[in-house]
Amino acid sequence: MRRLALALHALAAHDPGTEASVSDWLRRHSPPRGHRPAHTNTIAGAAVLHGPVVQARDIQGGIHFHQPAREDAPRPPVPRQLPPLRRALVDREEDVRALDALRAQRPAQAPQLLVVSGFPGIGKTTLASRWLHENASSFPDGQLYADLGGHAAQGTAGGPVPAATVLEGFLYALGAPSVPADTSQRIALWRSLTSELRLAVLLDNAFTAAQVRPLLLGTPTGLTVVTSRNHLTGLLADGAATHRLGALTPESAVELLAVGGGGGRVAQDPEAAREVVTLCGCLPLAVCLAAAQLVLRPHRSVSALAESLSQDQGPLDALRVDGEAVVRSALDMSYGLLPRESATLYRRMGLLPTERYDLFMLTAIGGDGASDDTTPAPGTDAVDMAVGALLEASLLEETSPGIYRFHDLVRPHARRRGDAEESDSQRAHIQRRFVDWCLITATAGEEILTPSHRMPTRELPSSPVQPTPLADPAEALAWFDTHRNGLMAAVRHCADAEWLTSCWQLVDAMWPLFLRLRPSDMWVEAHRTGLSAARASGSRDGEGRMLTSGAIGLRNAGRYEEAADWYVQALEHATSDGDVRQQAQALNGLGHIELLTSRFDEAREHFEQALLLRESIGYRRGAALSRRRLGETASATGDHRTAARHLTRAYAELESQGEGYEAARALALLGHVLDCDGDHETGTRRLREALEMFRGPVAQSAHWQGRSLEWLGQAAQRQGGMAEARRCYEAARDLFQRLNPADAQRLDDRLRQL
């Protein structure tokens with residue numbers, strides 16, 4: 001540079017034109033009049049260099065120039081960039097406390113990093129913004145905000161925002177006079193400027209941990225809050241604490257509908273309001289959009305809004321902003337970001353008629369979707385990875401270990417994608433695999449809970465589908481309880497698809513569900529459907545089984561006349577086929593109907609006939625069950641001694657055969673009979689033994705827990721223990737309220753009479 005300046009100076013001295021050009025250049029590039037440069041270096045003559053200059057022969061390492069701060073330069077304002085608080089924050093007190101607790105648990109010298117994740121529209125930004133606003137005094141150096149655009153696909157306009165772009169805005173907001181072009185230099189400057197600042201940063205709508213990591217503060221004096229539809233588990237390595245935001249409760253969603261615009265109309269029609277928020281999945285975004293429709297139409301009723309939302313695709317299409325179906329668009333964007341395997345699994349899950357999923361079910365419907373049922377399903381590891389991506393994207397949630405569900409607004413979206421992207425043959429294949437999984441796993445559960453019930457002629461599908469492993473009776477019963485709605489939906493689908501054998505066999509395999517959990521309406525519907533399928537398929541075994549098992553469901557529902565008709569049909573059917581075991585089953589059932597309708601002599605006669613038939617073929621379990629019914633009949637007539645004799649023998653025989661559930665029922669009846677006969681101590685002890693059995697894994701039954709508690713209450717009441725009687729009656733009523741309203745009403749009557 002020095003040689004160039006000397007050469008120009010020498011040339012200008014001999015050439016007027018060059019001198020004029022150099023003078024003009026210096027005039028245009030010189031600082032304004034009055035400005036005093038920090039460093040002035042005179043080369044020679046009229047040549048002057050302004051700015052920092054280093055004159056040295058050799059330079060080792062880097063050189064940094066630091067401009068002295070001007071005392072008269074204006075300081076930038078403290079940044080307050082958080083979004084304004086517009087939406088009401090309803091029922092988020094527990095979430096606020098959770099964020100407070102996570103912040104308080106952070107080690108003193110560790111950077112503060114919180115991740116708030118959840119479903120699109122769940123209210124992540126609203127919660128995080130309000131929480132940071134309320135804690136503004138802790139961050140006097142400012143609050144920075146950036147929307148990272150994680151909802152949009154990469155490579156599209158408005159897609160995920162690069163860290164370099166965010167850093168540029170943050171650095172200027174903090175007063176940096178210039179921002180380096182290189183991203184790594186921006187990161188270094190960002191961490192230098194914020195090293196001692198008490199600053200809050202809200203990184204909204206993040207896509208990945210990698211997008212967030214360059215923006216993290218490196219100081220414990222600041223706080224970074226990240227919101228994302230994804231869990232961002234990669235940030236755990238950076239010391240992040242995580243909080244998953246869930247939907248509102250129905251009550252809170254109704255409140256939000258009211259404060260958002262529904263006002264008095266919500267109070268006037270609370271039932272319709274509850275239907276609206278249910279259709280909205282209690283999702284804050286959807287509820288607020290529904291409330292906006294009420295604002296725009298001040299004379300529209302809440303019931304009219306509910307009817308509108310229930311049409312066609314429901315809230316997915318009905319809730320719009322500026323003509324755009326925002327809920328559907330948000331889900332479309334999330335779906336578009338999924339890996340291929342997860343997207344395939346997502347839309348196939350939408351095709352299944354169930355609300356609960358487990359890994360083995362999802363493995364059954366995986367693979368390439370070929371129509372050949374021998375096509376191997378993928379391994380559970382591959383499916384587990386696909387499920388993990390859906391969980392990470394908040395499109396799926398784990399309700400209990402290994403059990404998954406969609407949000408109410410996600411299921412119809414997944415179904416729509418499945419209908420649009422899977423062929424007819426693929427959809428049929430997926431449904432077939434699902435039914436196979438239901439039948440194979442239900443049969444495995446039946447083998448554990450009621451091994452004597454399984455028909456030897458039942459044929460399981462020759463499918464590569466593997467059942468969900470069930471280790472013990474408790475696991476088996478929990479599986480039936482968890483998947484009861486999906487199993488019933490599979491029965492309906494089999495009937496619609498005319499998979500007749502699978503239809504009635506699945507109903508038959510669901511026997512432990514009906515026997516232990518007693519869902520009366522489902523019990524009756526399933527056996528009506530199964531009976532039609534068995535008759536249409538020409539299965540005599542299936543028809544007989546549906547008649548006797550279905551009659552029990554009708555009996556439990558209080559439809560005695562119809563139940564008796566089914567038993568008569570079953571008896572005629574079994575007599576025609578020469579099936580002694582089924583004849584005895586029908587006779588035993590007819591006896592029970594007569595017992596319930598107080599025709600005790602007819603009941604005793606039928607039970608005795610059933611007992612003789614069962615003993616004639618060596619059916620010991622059936623004989624013990626008939627003796628138990630004879631004991632009940634004797635007790636109903638006041639002959640407690642005879643009742644105790646029958647029940648004692650029935651209990652011993654059932655226990656010796658490993659029939660834990662049926663033995664517990666006989667024991668409970670025996671305890672009740674002994675108490676009625678005056679042996680209160682032994683009767684109460686037997687009832688408590690039975691109650692513990694019904695609470696245990698082998699004989700678990702909420703219905704029989706309730707019966708045992710009711711009888712214990714009666715025993716206490718006979719002895720004058722009114723407080724104990726009340727406690728037992730209340731516990732029994734609480735159980736029956738979930739099972740049978742008539743039983744619950746009976747307990748309320750007992751409580752009023754105390």
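The minimum heavy-atom distance between A206 and V212, with the atom names listed, is CB-CG2, 3.6 Å. Shortest non-hydrogen contact noted between G142 and R80 is CA-NH1, 3.8 Å. When all heavy atoms of A290 and V276 are compared, the closest pair comes out as CB-CG1, 4.1 Å. Nearest heavy atom pair, residue L362 against residue V383, reads CB-CG1, 3.8 Å. Of all heavy-atom pairs between S342 and L390, the closest is O-CD2, 3.9 Å. Smallest separation of non-hydrogen atoms from A128 and V225: CB-CG1, 4.0 Å.
Judged by distance alone, the side chain of R348 and the main-chain N or O of A343 form no donor-acceptor pair under 3.5 Å. When atom types are taken as modelled, the side chain of S228 and the backbone of H231 share no donor-acceptor pair closer than 3.5 angstrom. S192 contributes a side-chain N or O that, together with a main-chain N or O of A188, makes up a donor-acceptor pair within less than 3.5 Å. The closest donor-acceptor contact from the side chain of H407 to the backbone of G281 lies under 3.5 Å. Within the 3.5 Å criterion, the main-chain N or O of M361 finds a donor-acceptor partner in the side chain of D358. Here the side chain of D238 pairs no donor or acceptor atom with the backbone of A240 at under 3.5 angstrom. Using a distance-only test at 3.5 Å, with no hydrogens or angles considered, no donor-acceptor pair links the side chain of E422 to the main chain of G418. Judged purely by atom type and a 3.5 angstrom limit, N230 has no side-chain atom pairing as donor or acceptor with the backbone of L232. Here the side chain of S252 pairs no donor or acceptor atom with the backbone of L248 at under 3.5 angstrom. Within the 3.5 Å criterion, the main-chain N or O of V96 finds no donor-acceptor partner in the side chain of H243.
Each of L144, T125, L202 was scored for a side chain to side chain contact (heavy atoms under 4.5 Å, CB included) with L82, with one residue passing: L202. Among R416, R347, R427, the single residue meeting the salt bridge (Lys or Arg N to Asp or Glu O under 4.0 Å) criterion with E421 is R347. Applying salt bridge (Lys or Arg N to Asp or Glu O under 4.0 Å) to R405 and the options E397, E398, E355 leaves one that passes, E397. When the options L113, L148, N205, T242 are evaluated for a side chain to side chain contact (heavy atoms under 4.5 Å, CB included) with V226, the one that passes is L113.
Between the side chains of D100 and W131, at least one donor-acceptor pair of N or O atoms lies under 3.5 Å. When only modelled atom types and interatomic distance are considered, T219 and R191 share no side-chain donor-acceptor pair under 3.5 Å. Between the side chains of Q426 and S423, a donor-acceptor pair is found at a separation under 3.5 Å. Side-chain contact annotation: S334 with R229, donor-acceptor N/O pair under 3.5 Å present. A side-chain donor from one of Y145 and D204 sits under 3.5 Å from a side-chain acceptor of the other.
With contacts defined as side-chain heavy-atom distances shorter than 4.5 Å, the pair Q112/T224 does not qualify. Side-chain atoms of R106 and P220, non-hydrogen and from C-beta on, do get closer than 4.5 Å to each other. Between V201 and L215, every side-chain heavy-atom pair lies at or beyond the 4.5 Å cut-off. Using a 4.5 Å heavy-atom cutoff, the side chains of I403 and Y357 are not in contact. In this structure, T399 and Y404 have side chains that are not in contact, with every pair of non-hydrogen atoms separated by 4.5 Å or more. For the pair R92/P284, a side-chain contact is recorded, criterion being any heavy-atom separation below 4.5 Å from C-beta on. The shortest distance between side-chain heavy atoms of L189 and I187 does not fall below 4.5 Å. Within the 4.5 Å cutoff, side-chain heavy atoms of R244 are placed close to those of S394.
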May I have the step-by-step check of side-chain contact (heavy atoms from CB on, under 4.5 Å) for T363 and Q466, ending in yes or no? CA-CA 8 Å; T363 302; Q466 296 297 313; over 6 Å; no
Would L395 and L338 count as a side-chain contact (heavy atoms from CB on, under 4.5 Å) here? Give the steps. CA-CA 10 Å; L395 291 173; L338 291 173; 3.8 Å; yes
Show your working on side-chain contact (heavy atoms from CB on, under 4.5 Å) between Q211 and V166 and close with a plain yes or no. CA-CA 10 Å; Q211 185 191 22; V166 177; over 6 Å; no
The test is side-chain contact (heavy atoms from CB on, under 4.5 Å); show your working for L99 and V116 and say whether it passes. CA-CA 9 Å; L99 294 179; V116 179; 4.0 Å; yes
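Here CG of L352 is found 5.5 Å from CZ of F434. Values are rounded to the nearest 0.5 Å. Considering CZ of R340 and CG of L345, their distance stands at 12.0 Å, rounded to 0.5 Å. With rounding to the nearest 0.5 angstrom, the CD1 atom of I122 is 10.5 Å from the OG atom of S117. Rounded to the nearest 0.5 angstrom, L174 CG and L199 CG are separated by 6.0 Å. We find the OG1-CG distance between T194 and D141 to be 10.0 Å, quoted to the nearest 0.5 Å. The line from CG of L127 to OG1 of T227 is 10.0 Å long, rounded to the nearest 0.5 Å.
No more than 12 heavy atoms of other residues, nucleotides or ligands shown are found within 6.0 angstrom of CD on E196.
The aromatic rings of H413 and Y346 are tilted relative to each other, their planes meeting at an angle between 30° and 60°.
Between R415 and D419, at least one side-chain N (NZ, or NE/NH1/NH2) sits under 4.0 Å from a carboxylate O, which counts as a salt bridge.
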